[in-house]
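So the structure is just underneath, and the comments pick up after that.
Read the numbers this way: they start at 1 and go in the same order the structure lists the ligands and their atoms.
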Amino acid sequence: MTGSTKYIFVTGGVTSSLGKGIVSASLAKLLQARGFTVTIQKLDPYINIDPGTLNPYEHGECYVTEDGAETDLDLGHYERFLDTPTSQANNVTTGRIYQNVINKERRGEYLGKTVQVIPHITDEIKRHIQALGRKGIYDFVITEVGGTVGDIESLPYVEAIRQLKWEKGRDALAIHLTLLPYLSTSGELKTKPTQHSVKELLSLGVQPDILVCRTEHPMLKGMKEKIALFCNVDQQAVIESADAETIYDVPLLMQQEQLDVVVLEKLGIKNYPEADLGRWRDFLRRFKNPKRTVEIGLVGKYVELRDAYKSIKEALDHGGAEGETRVELRWVHSEKLTAKNVAKQLGGLSGILVAPGFGNRGIEGKIEAVRFARENKVPFLGICLGMQCAVIEFARNVLGHAEANSTEMDPDTKWPVIALMEEQKAKVDKGGTMRLGAYPCKLSEGSHTAQAYGKTQIKERHRHRYEFNNAFAEEFRKAGMIAAGTNPQTKLVEVVEIKDHPWFVGVQYHPEYKSTVARPHPLFTRFVQVAMEHAAVAAAAVAKA
Ligand code: GLN
């Protein structure tokens with residue numbers, strides 16, 4: 001619709017954590033709402049090849065795409081906002097850039113030249129930025145650069161942006177996100193850090209076209225003029241980005257500030273259609289005006305770190321909004337959960353979700369949480385390691401194999417009910433070697449899961465090395481835990497359910513990655529719904545007593 005692909009670069013200044021990902025996703029949403037095709041890409045200036053090997057304490061959750069890329073959590077926001085899939089090409093790190101350049105050097109592709117940051121690393125960055133545009137399907141490619149301008153790590157990226165802006169002329173623009181700090185002693189917002197941050201960018205040869213100013217307090221009259229004057233930007237290109245009640249408000253706030261209009265005009269696009277945000281507004285209305293509240297427990301070992309479970313939290317919000325229900329989360333630390341305190345810690349919950357994870361830490365607490373949910377017939381959703389814990393718990397407490405375990409936790413267990421997948425046994429490297437990305441799954445007719453999806457053929461994303469050990473399948477089935485979903489080719493168990501329970505579902509895959517505002521994930525929608533039903537039954541029982 002735009003003729004040639006337009007490139008929008010988003011950098012950040014003053015401090016990290018300003019929400020570049022949300023602003024990028026919001027701009028993309030606004031352009032999409034006008035009928036344009038948009039994709040967003042994240043460039044991360046660290047040396048890991050991808051975030052798959054990173055501890056969640058570093059950058060939060062690792063998000064997995066359909067094609068099995070382990071990526072930055074911002075890609076989750078992009079998908080949730082746009083409802084279009086991202087891929088490996090949407091997240092590139094310095095590590096990957098260098099790896100590609102070094103591989104090319106080894107193949108002799110540089111024909112005897114000295115390989116240098118400029119032009120070889122910057123060319124590789126430019127190639128990655130344009131790879132999405134070259135597909136010919138996007139009107140806009142928004143490229144978000146992680147980190148803060150001025151960091152040593154981000155210098156080659158800023159240089160690549162400088163070159164691309166020069167080469168592309170009116171087909172490219174730069175947005176710089178800054179902070180207006182508020183000094184409570186004088187009751188003032190300060191513009192100086194923004195001026196300095198823009199100077200820093202200018203010293204690297206990049207003149208931002210648009211400034212998005214994050215602020216906790218409304219900007220005063222005259223402030224935009226001042227910033228515009230000092231930073232060489234048009235006054236209407238100084239965008240106020242106030243703190244929002246929810247991230248889903250940000251597209252509407254950016255629309256009020258006309259961020260999309262400024263972008264379109266600066267890129268020379270005329271006669272653009274009106275934005276249709278009807279469905280978005282409809283979601284927000286249901287999300288912000290719930291008819292009821294339900295409390296769900298999220299059991300994990302990173303609960304003090306909310307970003308570690310970002311997609312799960314968002315998927316619960318989407319699923320809740322679907323039924324006009326607010327999901328209140330009780331964050332339960334699995335390491336602190338014991339047989340003694342479990343009833344107190346999980347008491348009164350209407351649903352229990354046991355989170356994914358790796359390694360031993362907190363595992364016994366997760367198993368206690370499963371036991372509580374199973375015995376007290378509280379709706380249960382176990383995801384990946386959460387599902388594996390459900391299997392271990394059942395083996396220990398129903399089948400009576402007290403030492404049952406996953407070979408991840410105890411390689412010599414006599415009851416390896418969860419065991420390393422065959423294909424994993426020869427793997428040595430840790431990075432990018434798990435079973436990753438989308439695989440098909442066939443659900444059993446009449447299972448809770450099939451009912452939730454409304455179909456039996458599904459495709460979901462994965463990130464694991466261990467699996468349900470099919471050698472025990474018959475023993476589990478006889479005792480009431482069934483494989484309600486399996487991979488049609490490998491027979492790998494994807495879903496377990498307990499027959500004698502109102503709603504007990506464990507999934508080996510990660511449904512949370514596929515939930516979007518436009519299409520809340522049916523498993524989360526159903527989980528919130530059964531939690532509501534459980535709450536109603538519990539309330540009726542209390543009233544009767
Ligand atoms: N650690 C488990 C495995 O590798 C579960 C992984 C997860 O929860 N993502 O199989």
Side-chain angles (χ1 to χ4, degrees), residues 50-66 68-71 73 76 298-303 305 307-313 315 334-335 352-367 369-370 380-393 395 404-411 413 416-439 441 460-470 472 483 485-487 490 492-496 505-514 523:
D50 60 46
T53 54
L54 289 173
N55 185 316
Y57 287 112
E58 300 289 314
H59 295 279
E61 164 189 285
C62 172
Y63 184 78
V64 180
T65 58
E66 282 292 286
E70 296 177 282
T71 72
L73 60 74
L298 197 160
V299 183
K301 65 175 166 180
Y302 296 111
V303 289
L305 192 82
D307 272 0
Y309 304 115
K310 192 99 208 154
S311 294
I312 293 177
K313 157 93 177 71
S334 53
E335 262 187 306
I352 293 171
L353 191 156
V354 176
F358 294 84
N360 247 314
R361 188 164 70 88
I363 190 90
E364 294 303 323
K366 284 186 171 176
I367 293 170
V370 175
F380 171 83
L381 179 59
I383 299 180
C384 207
L385 182 61
M387 170 269 199
Q388 298 177 354
C389 287
V391 170
I392 298 168
E393 193 279 330
N405 217 330
S406 159
T407 55
E408 180 182 7
M409 316 305 160
D410 177 4
T413 174
V417 290
I418 302 290
L420 195 63
M421 281 180 276
E422 205 46 48
E423 65 195 51
Q424 288 289 326
K425 290 188 177 154
K427 296 204 168 140
V428 184
D429 283 355
K430 289 278 179 260
T433 56
M434 280 187 251
R435 178 171 182 254
L436 291 165
Y439 285 92
C441 166
E460 290 281 4
R461 301 183 196 171
H462 298 74
R463 184 172 185 245
H464 65 123
R465 288 199 168 83
Y466 296 82
E467 64 174 326
F468 179 86
N469 185 346
N470 266 323
F472 295 93
T486 48
N487 178 288
T490 61
L492 184 149
V493 173
E494 296 279 11
V495 184
V496 294
V505 174
V507 288
Q508 183 57 76
Y509 54 80
H510 291 263
E512 70 275 22
Y513 294 142
K514 276 174 83 161
L523 211 49

Student check: side-chain heavy atoms of Pro56 and Asp307 closer than 4.5 Å: no

Lys/Arg N to Asp/Glu carboxylate O, Lys514 vs Glu66, below 4.0 Å: yes

Close-contact set for ligand 1 against Glu408 heavy atoms, below 4.0 Å: 1 (N), 2 (C), 3 (C)

Protein residue, atom and distance nearest to atom 5 (C) of ligand 1, heavy-atom basis: Gly357 O, 3.3 Å

Polar contact flag for His464 and ligand 1 (N/O pairs, less than 3.5 Å): no

Closest protein heavy atom to atom 10 (O) of ligand 1, given as residue, atom name and distance to 0.1 Å: Tyr466 N, 2.9 Å

For the student: nearest non-hydrogen atoms of Tyr509 and His462, plus distance: CB-NE2, 3.5 Å

Sole residue of Glu467, Gln508, Glu494 in side-chain contact (heavy atoms from CB on, under 4.5 Å) with Asn487: Glu494

Which of the ligand 1 atoms, numbered from 1, are nearer than 4.0 Å to a heavy atom of Cys384: 5 (C), 6 (C), 7 (C), 8 (O), 9 (N)

Side-chain H-bond candidate by donor/acceptor type, Arg361 with Ser334, under 3.5 Å: no

Under 4.0 Å to a heavy atom of Arg463 - the qualifying atoms of ligand 1, by number: 6 (C), 7 (C), 9 (N)

Under-4.0 Å salt bridge between Arg463 and Glu70: yes

Donor-acceptor contact below 3.5 Å, side chain Gln388 vs main chain Tyr466: yes

Sub-4.0 Å heavy-atom contact, Met434 with ligand 1: no

Proximal ligand 1 atoms for His510, defined as those under 4.0 Å from one of its heavy atoms: 9 (N)

Heavy atom of the protein closest to atom 4 (O) of ligand 1 (residue, atom name, distance): Arg465 N, 3.0 Å

Contact check: Leu385 vs ligand 1, nitrogen or oxygen atoms, below 3.5 angstrom: yes

